[in-house]
Structures are given as C-alpha cells and as structure tokens.
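Values below: every heavy atom of this structure, side chains too, minus hydrogens, waters and symmetry copies.
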Amino acid sequence: MAAGAEISGEKLVDMFTKLNPLAKEFIPSSYAKQQSFNNLNAITTDESLFPNNKLFPDDNNSINRRRRNNFNQGRRRLNGRSFRAQRDNSIRRTVYVSDIDQLVTEERLAALFSTCGQVVDCRVCGDPHSVLRFAFVEFADEHGARVALNLGGTVLGYYPVRVLPSKTAILPVNPTFLPRSEDEREMCSRTVYCTNIDKKVSQSEVKSFFETACGEVTRLRLLGDHVHSTRIAFVEFVMAESAILALNCSGMVLGTQPIRVSPSKTPVRSRVVRQ
C-alpha cells in the first residue's frame, strides 16, 4: 500500500466511532430478504449484534400478548362449541310434558317415563295453583326420548299428558351444591325439597308440619327473598322412610298455600360462620 494511502490506527478508530450501527449495510446479508416488521424487529433487537439498541423495547412483549390473546380466543371458541354441542345433545335426549295434574310428583312422573329408558333428570314446572303444569324429562340416550313420545295421551292423575320433543335442555344443578361424599349422598336420601311455602309460615311451623305428618326432622333450611311471593325449604329427616312419606305431602295446604314436595338433589349443609 502506498505511503500516501496509509491510514493510521488512531484514524481508523475515529472513523468507526462515527458510523451508525443501524445503517442498512450493517445488517447481515442473511437477513436481507426479511422485510416484515416482525423480522426486522427481531434483527435490530438481537443483543448479540447491537447490545445498546433500544429502538423497539416493548414490541416483543406486545407480540407475545397478541399470541396469548389469539390462543385464549381460540380456546374460548372451542369451549363455546363444546358447550353448544353438549346442550344440543341434551335437548335431543329431553322431552317436554304438559297437562300434568297438580298432584303428580316428579317421582311419579319419572317412574312413568322410566319405562321408556333410563331417566337422568325430571323437573316439574309451572304455577302450583294451576290445575295443569308442565315438565322436562331427560333420558340417558336419544332412543329413550323417542320412545317417550308414544306416551302422549297417557292418563296420569286425572288428565292425559301431552309429550313433545323439547326445545330446551334442563338447567343443571350447581355442581358445588351436589353431594361430595357418601355421607352427603346418604343425607340426600333423607332430605326433601319443598316449594310454594306461604311467606307468613315460620320455620318452626314448617318443621312442626313435617314432623307431625312424617317423622323427626334433624335440619331445616327455609329460604326466600323479596322477589318471589312464596318460599322454599330443604327438610332433612332422621330416617329415609320419613322423606319418602313427605313426598305424599304435595298438595297439602301449609298456611294458605298447597306445598309441593320432591326429592332433594342436594344435602343441607351446616352454615359456615365467618369470623
């Protein structure tokens, strides 16, 4: 190299300190074709290349957030589809029964439809004051629901019932209320669910009513609010036989209202006292 073209080491250092490390010619050629924002961001934020680069300090976090959000949305869509599929399957296994005599209990209705297949749930609805009520009966499979349609016109009590395919599924019981152990399942066998209780009737009067008609009561929970005109109660007996007898109390007048009694799906748990 000619002496005139010779550059000292000090000048070279001075020249390099003035260069821009983010200039295009400093980006490795292997990345030349990657023009997208995300890829460029990945290059310029590589600490091994440019440890002092703070051009896009938060972009990686935003990308990760977008990825997590997309995943969560996909999971929600999947959960939604799964829920709709389960609901539709439940509807196909359910029949709608109308014109039910007010003295017919859920237990008696379930017994009638059990001849068609395994009944997994039975809910009687409607105004207890009305002569005719309706119910939803859910079977373990669709075949049972199809066979049940043939029971339309069967006289139950004083009236022939009508049976149609259901358009809705039975709302499940809150799983946190269901029995959690063998002891609680045994409690359910000794417990009844009572509705349409006159608001003027006290808890002691409800207990006295059932003890006189059925047997000793060990626990009673009387519930109500300002919205509904009547109250409900869970009544636990000492003996399971007493709970069976209590089912025959449906239609009996307590206060000024005919009550409705059905087997309880949940035990009466002790209240938790908060400190």
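- Taking all atoms of both residues into account, the shortest heavy-atom contact from Cys214 to Ser242 is O-OG, 3.2 Å.
- Here OG1 of Thr230 is found 10.0 Å from CZ of Arg260. Values are rounded to the nearest 0.5 Å.
- Using a 4.5 Å cut-off on side-chain heavy atoms (C-beta onward), Pro267 and Thr191 make no contact.
- Looking at Leu151 and Val161, their side chains never come closer than 4.5 Å, going by heavy atoms from C-beta outward.
- Rounded to the nearest 0.5 Å, atoms NZ (Lys199) and CG (Leu222) are 10.5 Å apart.
- Between Glu142 and Arg92 there is a salt bridge, since a side-chain N of the basic residue sits under 4.0 Å from a carboxylate O of the acidic one.
- You'll find the side chain of Leu156 reaches within 4.5 Å of the side chain of Leu109, heavy atoms only.
- Taking the six-membered ring where tryptophan is involved, the planes of Phe134 and Tyr96 are tilted, since the angle between them lies from 30° to 60°.
- In the hydrophobic clustering of ILVMFWY residues, with side-chain heavy atoms under 4.5 Å counting as a link, Val238 and Leu220 come out apart.
- Closest of all the heavy-atom pairs between Arg231 and Val201 is NH1-O, 4.0 Å.
- Between Pro160 and Val155, some side-chain heavy-atom pair lies under the 4.5 Å cut-off.
- Expressed to the nearest 0.5 Å, how far CD of Glu106 lies from CD1 of Ile100 amounts to 9.0 Å.
- Two residues are said to be in side-chain contact when any heavy atoms from C-beta on lie closer than 4.5 Å; Ile232 and Tyr193 meet this criterion.
- Listed for the Ser114 side chain is a donor-acceptor partner under 3.5 Å among the backbone atoms of Ala111.
- Smallest separation of non-hydrogen atoms from Val137 and Cys122: CG2-SG, 4.1 Å.
- At a threshold of 4.5 Å between side-chain heavy atoms, the hydrophobic network of Ile, Leu, Val, Met, Phe, Trp and Tyr places Ile244 and Val235 in two separate groups.
- Using a 4.5 Å heavy-atom cutoff, the side chains of Glu138 and Arg123 are not in contact.
- Under the 4.5 Å side-chain heavy-atom criterion for grouping Ile, Leu, Val, Met, Phe, Trp and Tyr, Val119 is not connected to Val147 through any hydrophobic cluster.
- Ile259 places a side-chain heavy atom less than 4.5 Å from the side chain of Phe209.
- Remark: side-chain polar atoms of Asp198 are paired, donor with acceptor, to backbone N or O of Thr256 under 3.5 angstrom.
- Partner Phe136 forms a side chain to side chain contact (heavy atoms under 4.5 Å, CB included) with one of Thr94, Asp121, Val124, Ile91 and no other, that one being Thr94.
- Side chain of Asp141 to backbone of Gly144: a donor-acceptor contact under 3.5 angstrom is found.
- Hydrophobic clustering (side-chain heavy atoms under 4.5 Å, transitive across Ile, Leu, Val, Met, Phe, Trp, Tyr) groups Met252 together with Leu254.
- Side chain of Ser208 to backbone of Ser204: no donor-acceptor contact under 3.5 angstrom is found.
- Here the CG-OG distance, from Asn196 to Ser250, works out to 10.5 Å after rounding to the nearest 0.5 Å.
- Hydrophobic clustering (side-chain heavy atoms under 4.5 Å, transitive across Ile, Leu, Val, Met, Phe, Trp, Tyr) groups Val95 together with Val104.
- The distance from atom CZ of Arg221 to atom CD of Gln203, rounded to the nearest 0.5 Å, is 8.5 Å.
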>> Run the side chain to side chain contact (heavy atoms under 4.5 Å, CB included) test on Ile197 and Val206 for me, step by step, so that the C-alpha distance in whole Å, both residues' side-chain angles and the decisive distance to 0.1 Å come before the verdict.
In response: CA-CA 9 Å; Ile197 300 173; Val206 175; 4.2 Å; yes
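- Nearest approach of Val120 to Phe139, heavy atoms of both residues: CG2-O, 3.8 Å.
- Nearest approach of Arg133 to Asp101, heavy atoms of both residues: NH2-O, 3.0 Å.
- The aromatic rings of Phe210 and Phe237 stand perpendicular to each other, their planes meeting at an angle above 60°, with 30° marking the opposite boundary.
- The backbone N or O of Ser202 sits less than 3.5 Å from a side-chain atom of Glu205, completing a donor-acceptor pair.
- Distance check: Glu236 CD to Glu216 CD gives 11.0 Å after rounding to the nearest 0.5 Å.
- Here Asp183 does not pair with Arg185 in a salt bridge; the nearest charged N to carboxylate O distance is not below 4.0 Å.
- Shortest non-hydrogen contact noted between Thr218 and Arg190 is OG1-NH1, 4.2 Å.
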